[in-house]
Amino acid sequence: MTRLKLLLGIALLLGMMAAVVLCFSPYAPVVQPVMPIEALWAIEDEREESEAPLVTTLECNGVPLAYDAREDVFYCTLGLDNGEEWPELHLTAPGAKGVSLVFEDDYAYDGCADAIRNNSEYWVMAYTETEYAYFRIIFTGLPLLMIEADAEIGAEDTPARVTVSAYGMEKVSSFARIHTRGGLTNGQDKKSYRVETTRRANGTGKIRQELPEIGLTDSLNLLAMPFDRSLMRDRLSWDIYAQMAPESAPFSARDSAYAEVFVNGEYEGVYLMMLPFDIADELAGAGENHVLTDSVYRTCVSYLKPDREIIAHPCRQNTGYAVYYSPSSDPGAALEDYLALLLQEDDEAFCREALAHLDLTSMLQVELFVQAGGMTDNIFNNLYIWAERRPSGFVYHFIPWDMDLSWGMKMEDIGMQYENWMFFPPADRLIRLDPDGQVRAQLAQMWKALREGPLNTQWIAARLEQYMAELNDSGAMLRNAVRWETEDYAADGYPILDYAILRFELLDETIARLVLSDGGTPLFLDGTQYEGKGTAIEWSREGNGGCALGTGN
């Protein structure tokens, strides 16, 4: 009798525990394997089809899936290294109490890599005792980044919540503040964003998070790349620049990686996740003596930056070219020597002052980088100028930024751009004058090293193959094309490679000819003679011009 009472007591206790779980714990039904089609038909016959989704939250192995509410589709990230075999998937719907889930399609009939690459969709039935509804699951190879904001996201910081998931990693989720970014890109339908992760829901108290392929950071740029149909140019540029500039140097290359982005329950396509410059951290890494108020400037087209404090370029007022900075009581103080250098009319004095105030290595790096990539936007709009204080005065360093208008992207618009020299006034003038030929010699040495390294076309081809694999094998390029109604259903980096091969051959010839020059060859225009804005110039040897690259005209 005592034993019977004990057993009844245990049963009662287990029943009470089950009741507590059902009443007070989130219920997470598991998506079951495929059932016979007749059983699905029977469920449909016995129930009404729900007008609203029965499931809006889904997890795979405890990691949240992204949800496109507009299309009622879940996205599950599985990475790109599965081959034919599927990883173990445990799909659950947290909070979906009273709902049962079952696959209509058996994804296991397909190879995992094929299903991801082909953008295959798998239907799942959700049903209760009275209703049923279907939704779809898509498997992707890229990380997923989800943004939820209560208000419309604009140029001002908006409180939000950000969740990032990548296969094999625990989810990253935090409060954040977010705003749109960019000049001309901000006017496009596909927006770029700046995200800063925070401790509190009101967007205060920045906190670092470990992001897939990016690392530990509290800030992230999400580049929409609306003008670059290949989605590769900015990433290629940064990967090349990482081989040019030491990682330990201030303002070194930024890490980047692709992700698929969702904003307020809508799929927004492929983005490039990129670490922004934290100017305070970069300057602190350069040493205490280098931390200056208003010591970092950025060139810009002034009419695209109406909310910025700007200093008009002394020679370019008619073009709208300016430099913007953070407001302070002494704006532009550290930039005075640089602006004075641009106004220097005496060639001998210009050479003397340029060699004293311009960091020759970073200047020539930017010169060669801009020439190699045909970067029309990285002198007059996207170039940082960092003023370092030294006992002899300020020395100016140069760092490129936002390099999507590059690698032949504008060839369709302005003709055979690969024949044009990109215009970088102080560097071009110093190279042209170069009294003892040392600047041209260093330029040639740096070009030779680059051609043997990251500007080797085989190296570039390998990078492009990697990007194409990520974009195509993940299925993301196809989805991005459908979302934004483009014709770019597959990533194609070969036009970029073709451009690089042709461009580098012309630069090989031009730089070799520069080394043999006596300094008087009019290869470059003086800064005061330029009338355009950030575009390439096609020169002839007549008049006050120069010559097109490698043509020998």
Is D228 reaching over with its side chain to a backbone N or O of R233, donor-acceptor style, under 3.5 angstrom? yes
Exam field: side chain N264 to backbone A149, donor-acceptor pair closer than 3.5 Å: yes
Straight-line distance of W407 CH2 to D234 CG, nearest 0.5 Å: 12.0 Å
Fit a plane to each ring of Y75 and Y267, take the angle between them on a 0 to 90° scale, and name the class: parallel (under 30°), tilted (30 to 60°) or perpendicular (over 60°). parallel
Within the side chain of T197, is there an N or O that forms a donor-acceptor pair under 3.5 Å with the backbone of I207? yes
Going by an N to O cut-off under 4.0 Å, is there a salt bridge joining K190 and E268? no
Are E260 and R483 within salt-bridge range, i.e. N to O under 4.0 Å? no
For atom CD of E152, decide whether the heavy atoms of other residues, nucleotides or ligands shown that lie under 6.0 angstrom number more than 12. no
Check V55 against Y67 and note the closest heavy-atom contact, atom names and distance. O-OH, 4.2 Å
Side chain N61, main chain E88, donor-acceptor under 3.5 Å: yes
Would you check, one step at a time, whether the test salt bridge (charged side-chain N to carboxylate O under 4.0 Å, His left out) holds for E156 with R177? CA-CA 9 Å; E156 301 297 326; R177 56 176 180 257; over 6 Å; no
Ignoring hydrogens and angles, tell me if any N or O in the side chain of D105 forms a donor-acceptor pair with the backbone of W123 under 3.5 Å. yes
Between D402 and R181, is the closest basic N to carboxylate O distance under 4.0 Å? yes
Do R235's NZ or CZ and the ring of Y258 fall within the cation-pi criteria of under 6.0 Å and 45°? yes
Check: V124 and E104 side chains under 4.5 Å, non-hydrogen atoms: no
Determine yes or no for a side-chain-to-main-chain donor-acceptor pair under 3.5 angstrom, with N480 supplying the side chain and A476 the backbone. no
Kindly compute the distance separating CG (L275) from CD1 (I214), expressed to the nearest 0.5 Å. 5.0 Å
Do R194 and P276 have side chains that approach each other closer than 4.5 Å (heavy atoms only, starting at C-beta)? yes
Apply ring-ring contact (aromatic ring centres under 6.0 Å, His included) to residues F398 and Y384 and explain how you reach the verdict. CA-CA 6 Å; F398 302 90; Y384 281 108; over 10 Å; no
Any Y167 side-chain heavy atom under 4.5 Å of C76 side chain: no
Give a yes or no on whether the backbone of A224 and the side-chain of S192 come within a donor-acceptor separation of less than 3.5 Å. yes
Is it the case that atom CG in D498 sees more than 12 heavy atoms from other parts of the structure closer than 6.0 Å? yes
Heavy-atom check, side chain of L383 versus side chain of Y297, under 4.5 Å: no
Under 3.5 Å, is there a donor-acceptor pair between the side chain of E196 and the main chain of A176? no
Charged N to carboxylate O below 4.0 Å: is that the case for D488 and R229? yes
Contact between E84 and C112 at the side-chain level, heavy atoms closer than 4.5 Å - yes or no? no
Measure the CZ-CE distance between R117 and M477 for me, rounded to the nearest 0.5 Å. 16.0 Å
Would you call R161 and E148 a salt bridge, using N to O less than 4.0 angstrom? no
Could you give the distance from CD (E487) to CD (E485), rounded to the nearest 0.5 Å? 11.0 Å
Are R479 and N119 linked by a side-chain donor-acceptor pair shorter than 3.5 Å? yes
Please step through side chain to side chain contact (heavy atoms under 4.5 Å, CB included) for the pair N221 and Y193, ending with a clear verdict. CA-CA 6 Å; N221 283 344; Y193 301 99; over 6 Å; no
Under a 4.0 Å threshold between the charged nitrogen and the carboxylate oxygen, would R136 count as salt-bridged to E121? yes
Within the side chain of D68, is there an N or O that forms a donor-acceptor pair under 3.5 Å with the backbone of R70? yes
State, yes or no, whether a side-chain contact exists between L89 and Y107 at a heavy-atom distance under 4.5 Å. yes
Working note: F139 + W86, criterion ring-ring contact (aromatic ring centres under 6.0 Å, His included); need CA distance, chi angles, decisive distance, verdict. CA-CA 11 Å; F139 297 102; W86 287 87; 5.0 Å; yes
Counting only heavy atoms not in K206 (residues, nucleotides, ligands), do more than 12 fall under 6.0 Å from its NZ? yes
Check whether any side-chain N or O of T140 sits under 3.5 Å from a backbone N or O of T77 as a donor-acceptor pair, and report yes or no. no
Please determine whether side chain to side chain donor-acceptor pair (under 3.5 Å) holds for the pair S120 and N118, giving the CA-CA distance in whole Å, both sets of side-chain angles, and the decisive distance to 0.1 Å. CA-CA 5 Å; S120 299; N118 297 332; 4.9 Å; no
Is the closest side-chain heavy-atom distance between F103 and V31 below 4.5 Å? yes
Gap between atom CD of E131 and atom CZ of R47 - 0.5 Å precision: 10.5 Å
Answer with yes or no whether the side chains of D110 and Y122 bring together a donor and an acceptor at under 3.5 Å. yes
Heavy atoms of other groups near D150 CG, more than 12 under 6.0 Å: no
Check whether any side-chain heavy atom of Y271 sits under 4.5 Å from a side-chain heavy atom of L145, and report yes or no. no
Step by step, work out the side chain to side chain contact (heavy atoms under 4.5 Å, CB included) result for Q243 and I240. CA-CA 5 Å; Q243 304 297 310; I240 292 173; 5.7 Å; no
Full working for side chain to side chain contact (heavy atoms under 4.5 Å, CB included) between M232 and R463: CA-CA 10 Å; M232 300 182 206; R463 300 288 81 70; over 6 Å; no
Counting only heavy atoms from other residues, nucleotides and ligands, does the tally under 6.0 Å from CD of E38 exceed 12? yes
Pair L58, T92 - check side chain to side chain contact (heavy atoms under 4.5 Å, CB included), show working. CA-CA 6 Å; L58 209 62; T92 59; over 6 Å; no
Using a distance-only test with no angle check, is there a side-chain donor-acceptor pair under 3.5 angstrom linking E44 and Y134? yes
Atom CG in L231, atom OH in Y467: separation rounded to 0.5 Å? 12.5 Å
Y494, OH atom: more than 12 neighbouring heavy atoms under 6.0 Å: no
